[in-house]
Amino acid sequence: MKTFTDRVKDTVRKIPKGKIMTYKEVAKRAGNASASRAVGSIMKKNYELDIPCHRVIRSDGKIGEYNRGGTKQKTILLKKEGALK
DNA sequence: TAGTTGACCGGAA
DNA sequence: ATTCCGGCCAACT
């Protein structure tokens, strides 16, 4: 039985290049639509290189936080991948 | 077991 | 548009 956390990691790992998902969408896909906050909490403590956490942004359209360079770096990465204009 | 924390969300002021 | 507040959930202490 996979836990919510495992599914979240799996979901984020499956996000294709140039694509973006909101924390809420990820939470929903993982099985708990209201766990958007928990998703961020999980990413923060489980940042594997297989998981492109920079492809996950907030529902407001804001970039959100990032542990490898902050919001700035996150934005740059998304731009490079073409996910963000 | 209970309390605190935070890469969030949505509504209200 | 910006700031504030309550709710929500998993991890940490």
Side-chain angles (χ1 to χ4, degrees):
Chain A
M1 163 64 180
K2 275 178 168 286
T3 61
F4 173 74
T5 310
D6 288 315
R7 273 180 291 193
V8 167
K9 292 199 279 187
D10 208 49
T11 302
V12 176
R13 195 178 306 140
K14 280 173 184 145
I15 301 177
K17 183 184 176 195
K19 183 76 184 257
I20 299 184
M21 257 187 154
T22 66
Y23 288 98
K24 204 179 219 172
E25 285 296 300
V26 174
K28 196 173 179 182
R29 235 169 136 72
N32 202 332
S34 346
S36 54
R37 201 169 191 179
V39 172
S41 196
I42 293 162
M43 304 315 288
K44 185 178 183 187
K45 298 161 188 77
N46 292 285
Y47 51 100
E48 303 174 29
L49 296 174
D50 305 315
I51 305 178
C53 34
H54 59 272
R55 306 222 178 109
V56 187
I57 64 171
R58 303 192 11 160
S59 308
D60 311 89
K62 289 184 184 258
I63 294 304
E65 278 299 320
Y66 191 51
N67 55 359
R68 291 199 161 106
T71 55
K72 247 182 173 163
Q73 186 65 14
K74 191 168 176 180
T75 307
I76 293 170
L77 284 168
L78 290 173
K79 277 192 174 186
K80 285 195 173 204
E81 296 188 347
L84 196 61
K85 187 178 63 53

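When reading the values below, keep in mind they use all heavy atoms of this one structure, side chains included, and skip hydrogens, waters and symmetry mates. Numbered from 1 within each chain, the chains take letters A, B, ... in sequence-line order.
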Starting from [atom2] on [N], measure out to [atom1] on [X] and report it in whole angstrom.
{"X": "A:M43", "N": "C:dA10", "atom1": "CE", "atom2": "P", "answer": "15 Å"}
{"X": "A:E65", "N": "B:dC9", "atom1": "CD", "atom2": "P", "answer": "13 Å"}
{"X": "A:N67", "N": "B:dG6", "atom1": "CG", "atom2": "C1'", "answer": "13 Å"}
{"X": "A:I63", "N": "B:dC9", "atom1": "CD1", "atom2": "P", "answer": "12 Å"}
{"X": "A:Y23", "N": "C:dA10", "atom1": "OH", "atom2": "P", "answer": "17 Å"}
{"X": "A:D6", "N": "C:dA10", "atom1": "CG", "atom2": "C1'", "answer": "12 Å"}
{"X": "A:E25", "N": "B:dC8", "atom1": "CD", "atom2": "C1'", "answer": "14 Å"}
{"X": "A:D60", "N": "C:dC4", "atom1": "CG", "atom2": "P", "answer": "16 Å"}

Would you please confirm or rule out a distance under 4.0 Å between OP1 or OP2 of C:dC8 and any side-chain N or O of A:N32?
no
Looking at A:K24, I'd like to know whether one of its side-chain N or O atoms comes within less than 4.0 Å of OP1 or OP2 on B:dG10.
yes
Answer with yes or no whether A:R37 presents, from its side chain, a donor or acceptor under 3.5 Å of a partner atom in the base of C:dC8.
yes
Look at the side chain of A:Y47 against the base of B:dA7 and say whether a donor-acceptor pair falls under 3.5 Å; ignore hydrogens and angles.
no
What is the distance from atom NZ of A:K17 to atom NZ of A:K80, rounded to the nearest 0.5 Å?
10.5 Å
Reckon A:A35 touches a base, only the sugar-phosphate, or nothing at all at heavy-atom distances under 4.0 Å?
sugar-phosphate
Derivation of the side chain to side chain contact (heavy atoms under 4.5 Å, CB included) call for A:E81 and A:I20
CA-CA 10 Å; A:E81 296 188 347; A:I20 299 184; over 6 Å; no
Strictly under 3.5 Å: I want the nitrogen or oxygen pairs between protein and nucleotides 11-13 of chain C, one per line.
{"residue": "C:dA11", "atom": "OP1", "partner": "A:T5", "partner atom": "OG1", "Å": "2.5"}

Candidate nucleotides C:dA10, C:dC9, B:dA7, ranked by approach to the side chain of A:S34 - the nearest:
C:dC9
Same cluster (ILVMFWY, side-chain, under 4.5 Å), A:V56 and A:I51:
yes
Does A:N46 offer a backbone N or O that forms a donor-acceptor pair with the side chain of A:K9 under 3.5 Å?
no
Are side-chain N/O atoms of A:T75 and A:K79 paired as donor and acceptor at under 3.5 Å?
no
From the options A:K45, A:K44, A:R37, select the one residue that forms a side chain to side chain donor-acceptor pair (under 3.5 Å) with A:S41.
A:K45
Check ion pair A:R7-A:D10 (N to O, under 4.0 angstrom)
no
